[in-house]
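I have placed the structure first, in the form of structure tokens, so that the comments after it can refer back to it.
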Amino acid sequence: MQRHADVREREEAYDAIVVGAGFAGLYMLHRLRGLDLKARVFEAGDGVGGTWYWNRYPGARCDIESMEYSYQFSEELQQEREWTERYSAQPEILRYLNHVADRFDLRRDIELGVRVAAAHFDETSGKWSVETNQGRKSSARWLVMATGCLSQPNRPAIDGLERFEGAVYHTGTWPHEGVDFTGQRVAIIGTGSSALQSIPVIAAEAGQLYVFQRTATYSVPARNAPLDPEVQRRVKADYKGFRARSNAEWGAAYFNANPAPALSASADERQAIYDERWEIGGLQFIGSFADLLVSKEANDTAGDYLRRRIREVVKDPATAELLSPQQVFACKRPCFDTDYFETFNRPNVTLLDAKTYPIEEFTVAGLRTAQASYAFDSLILATGFDAMTGSLLAVDIRGRGGESLNQAWAAGPRTYLGLSVAGFPNLFIVSGPGSPSVLTNMVPSIEQHVNWIADCIGDVRAKGLGLIEATVPAQDAWVDRVNAIAETTLYPTCNSWYLGANVPGKPRVFMPHIGFPPYVAKCNEVVANGYEGFKLSPAPAEPALADA
Ligand code: FAD
Ligand code: NAP
């Protein structure tokens with residue numbers, strides 16, 4: 001027994017440990033406090049905010065509208081908040097999350113600048129033993145991974161980056177002091193959401209901007225503007241009703257989903273609906289018709305419309321052609337931009353085809369493709385993230401029998417409800433693979449997960465029990481369900497990060513569960529049926545202190 005006592009003395013003991021202090025970790029801490037649990041948050045960054053702490057590239061902002069891209073757990077908080085723009089810019093969201101940390105007195109239980117390196121389940125104590133990269137150890141009955149779906153930067157596997165003598169930036173780890181590109185020759189690799197937001201801003205500053213595009217991107221104008229006080233007043237008059245309407249939508253945001261299929265409309269009717277939603281801007285374009293992601297023929301009508309819009313804006317026909325996406329619309333995450341396509345009319349912006357002529361290597365002065373060499377002062381990697389699994393698998397997580405999460409997920413992530421993994425008791429993932437997460441407005445998805453986890457912990461404790469874990473059959477059935485839903489759609493038809501296709505060697509599995517309302521219904525049903533698909537058991541007895 002001596003050994004147990006020593007270990008407990010060395011380790012800091014908590015009821016719950018949360019990893020990450022973004023939207024998910026902050027609210028999780030608040031809910032754990034409400035259960036009277038002694039909780040600790042470890043955050044690798046030197047500030048709270050997660051995504052909005054790290055992604056400070058020029059033009060960074062949300063593309064879900066501000067009135068929705070915010071917490072709904074506190075009526076006072078959402079009533080007090082005065083958003084200034086239709087889509088908030090990164091500094092405003094970061095200020096909001098810092099305000100939340102202060103308003104709910106969260107900081108005293110958050111440790112910043114601490115990266116969790118390992119988390120091992122100890123079957124003797126029924127607790128998680130957590131180790132930081134500085135070698136500090138702590139233990140907790142409950143472990144919540146709030147490490148983010150888009151927090152592990154993906155760097156391209158291109159030879160020789162260390163040779164390049166200029167400055168290198170990744171959009172997901174942007175310098176806090178900002179970067180002045182005035183007059184510089186700048187190269188950006190990637191044309192996903194981060195690139196689309198930053199390219200117009202950087203182009204206005206740089207002397208020359210080279211854009212290396214591998215896959216052209218569909219984009220609809222965001223139509224950002226100062227937020228109309230009247231809109232804000234109307235939403236606040238019934239914020240609950242507004243949230244309920246959004247939560248009833250497939251993506252937990254106001255898509256204003258049209259239940260009619262595109263193929264049942266005449267060409268003129270389709271055009272009118274696309275025109276109307278193009279003018280509104282943003283998300284509602286995806287809600288134009290019900291069959292856009294299940295029928296290729298329907299999808300082509302949206303693709304044709306968006307390609308025509310590009311040709312209308314971009315003056316050089318060859319550039320317009322290269323900017324025109326050919327994959328299924330919304331199969332990769334669509335973007336919402338401000339003057340993205342217009343930027344390619346600037347004389348200082350050059351679009352380069354990195355699909356036909358892949359980047360072969362970086363050089364001292366720049367890079368070389370199969371076609372030519374380019375020299376520049378600064379390089380921006382807008383190359384995205386090892387999404388959904390990257391931040392989890394970066395931690396050495398070991399469950400029962402010492403099995404690592406890396407082993408358990410060798411052929412792709414397997415979860416029950418995207419919340420829990422068989423063989424890893426009392427470990428919860430917020431917006432994990434197998435949950436709607438990245439296919440939704442993530443703040444309500446995060447809140448739904450945090451509420452489910454906190455209620456679950458409360459229920460397990462109320463029953464006098466201490467352990468809950470997913471069963472293998474329930475997990476297998478869940479994985480089958482997630483795959484089966486995806487197979488009924490066009491989502492698996494392109495090389496998206498939803499499938500892990502952006503990271504060389506990553507198993508190709510469609511990770512998110514499509515559809516927020518049926519997902520929430522299933523989570524609620526699982527609880528109503530006494531945590532169906534989970535095994536609940538007592539925690540192992542604590543060793544008697546007198547023996548020590
Ligand atoms: P994060 O905000 O990613 O926070 C996770 C935190 O965990 C990070 O701070 C990280 O440092 C920390 N962490 C990770 N591993 C460890 C470790 N081992 N030890 C300690 N700490 C660790 N979603 C939308 O719905 N709408 C949008 O408009 C939108 N815009 C986005 C714009 C950008 C540029 C990006 C990158 C993402 C965007 N997203 C958007 C998705 C966004 O990630 C989520 O909306 C949300 O912010 C995620 O919150 P989170 O707390 O789950 O994760
Ligand atoms: P991303 O969508 O994954 O885009 C990465 C880009 O880099 C792609 O164009 C990709 O091309 C390219 N790329 C990667 N490796 C390359 C290589 N070796 N050579 C050439 N090109 C390469 O990443 P992101 O733009 O950072 O966005 C990630 C997600 O974060 C978004 O989908 C969204 O969910 C979220 N986000 C949201 C917003 C917002 O508007 N609110 C802003 C930023 C991010 P391929 O397509 O060919 O792989």
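Order of listing sets the numbers, starting from 1, for every ligand and every atom in it. On a predicted model such as this, the values are computed, not experimentally measured, just so you know.
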Any residue meeting salt bridge (charged side-chain N to carboxylate O under 4.0 Å, His left out) with Glu65, in chain and number order, not counting sequence neighbours: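 If we apply the salt bridge (charged side-chain N to carboxylate O under 4.0 Å, His left out) test to Glu65, skipping adjacent residues, the hits are Arg86.
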
Just jot down the ligand 1 atoms closer than 4.0 angstrom to any heavy atom of [X], in number order.
X      : answer
Gly20  : 6 (C), 7 (O), 12 (C)
Asn441 : 25 (O)
Tyr57  : 34 (C)

Using a 4.0 Å heavy-atom cut-off, which part of [X] comes near ligand 1: side chain, backbone, both, or neither?
X      : result
Val443 : neither
Thr440 : backbone
Ile64  : both
Phe42  : backbone
Ala146 : backbone

Spacing of OH belonging to Tyr491 relative to CZ belonging to Phe510, to within rounding of 0.5 Å: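 Those atoms lie 6.0 Å apart.
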
Considering only the protein, which heavy-atom contact is closest to [atom], and what is its distance?
atom                    : answer
atom 4 (O) of ligand 1  : Gly50 CA, 3.4 Å
atom 18 (N) of ligand 1 : Val116 O, 3.0 Å
atom 53 (O) of ligand 1 : Gly148 CA, 3.2 Å
atom 40 (C) of ligand 1 : Tyr69 OH, 3.8 Å
atom 37 (C) of ligand 1 : Thr51 CG2, 3.6 Å
atom 10 (C) of ligand 1 : Glu43 OE2, 3.5 Å

Just go through Tyr27, Phe336, Trp52, Trp174 and tell me whose heavy atom is the nearest to atom 31 (C) of ligand 1.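 It is Trp52 that holds the nearest heavy atom.
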
For [X], state whether at least one heavy atom is located under 4.0 Å from any atom of ligand 1.
X      : result
Phe385 : yes
Leu26  : no
Tyr53  : no
Val430 : no

May I ask you to check whether Asn451 and Tyr27 show a side-chain donor-acceptor distance below 3.5 Å?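 A pair is found: one side chain offers a donor N or O, the other an acceptor, under 3.5 Å apart.
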
How are the rings of Trp128 and Phe424 set relative to one another: parallel (under 30°), tilted (30 to 60°) or perpendicular (over 60°)?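 Parallel, since the angle between the ring planes stays under 30°.
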
Is the ring pair Tyr71/Tyr96 parallel, tilted or perpendicular, if the boundaries are 30 and 60 degrees?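 Ring orientation, 0 to 90° scale: tilted.
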
Acceptor/donor pairs from residues 323-332 side chains to any protein atom, 3.5 angstrom cut, sequence neighbours excluded:
{"residue": "Ser324", "atom": "OG", "partner": "Ala320", "partner atom": "O", "Å": "2.7"}
{"residue": "Gln326", "atom": "NE2", "partner": "Ser324", "partner atom": "O", "Å": "3.1"}
{"residue": "Gln327", "atom": "NE2", "partner": "Ala216", "partner atom": "O", "Å": "3.1"}
{"residue": "Lys332", "atom": "NZ", "partner": "Asn495", "partner atom": "O", "Å": "3.3"}

Sequence neighbours excluded and cut-off under 3.5 Å, please list the side-chain donor-acceptor pairs for residues 388-395, or say none.
{"residue": "Thr389", "atom": "OG1", "partner": "Lys506", "partner atom": "NZ", "Å": "3.0"}
{"residue": "Ser391", "atom": "OG", "partner": "Thr147", "partner atom": "O", "Å": "3.3"}
{"residue": "Ser391", "atom": "OG", "partner": "Thr147", "partner atom": "OG1", "Å": "3.0"}
{"residue": "Ser391", "atom": "OG", "partner": "Gly148", "partner atom": "O", "Å": "2.9"}

Consider ring pair (Phe, Tyr, Trp, His ring centres under 6.0 Å). Of Tyr357, Tyr210, Phe164, which one does Tyr374 pass it with? Tyr210

Sorted by chain and number, the residues that approach ligand 2 to under 4.0 Å with a heavy atom: Tyr57, Arg61, Cys62, Asp63, Leu150, Pro156, Ile158, Ile189, Gly190, Thr191, Gly192, Ser193, Ser194, Gln197, Arg214, Thr215, Lys332, Arg333, Ala382, Thr383, Gly384, Phe385, Trp497

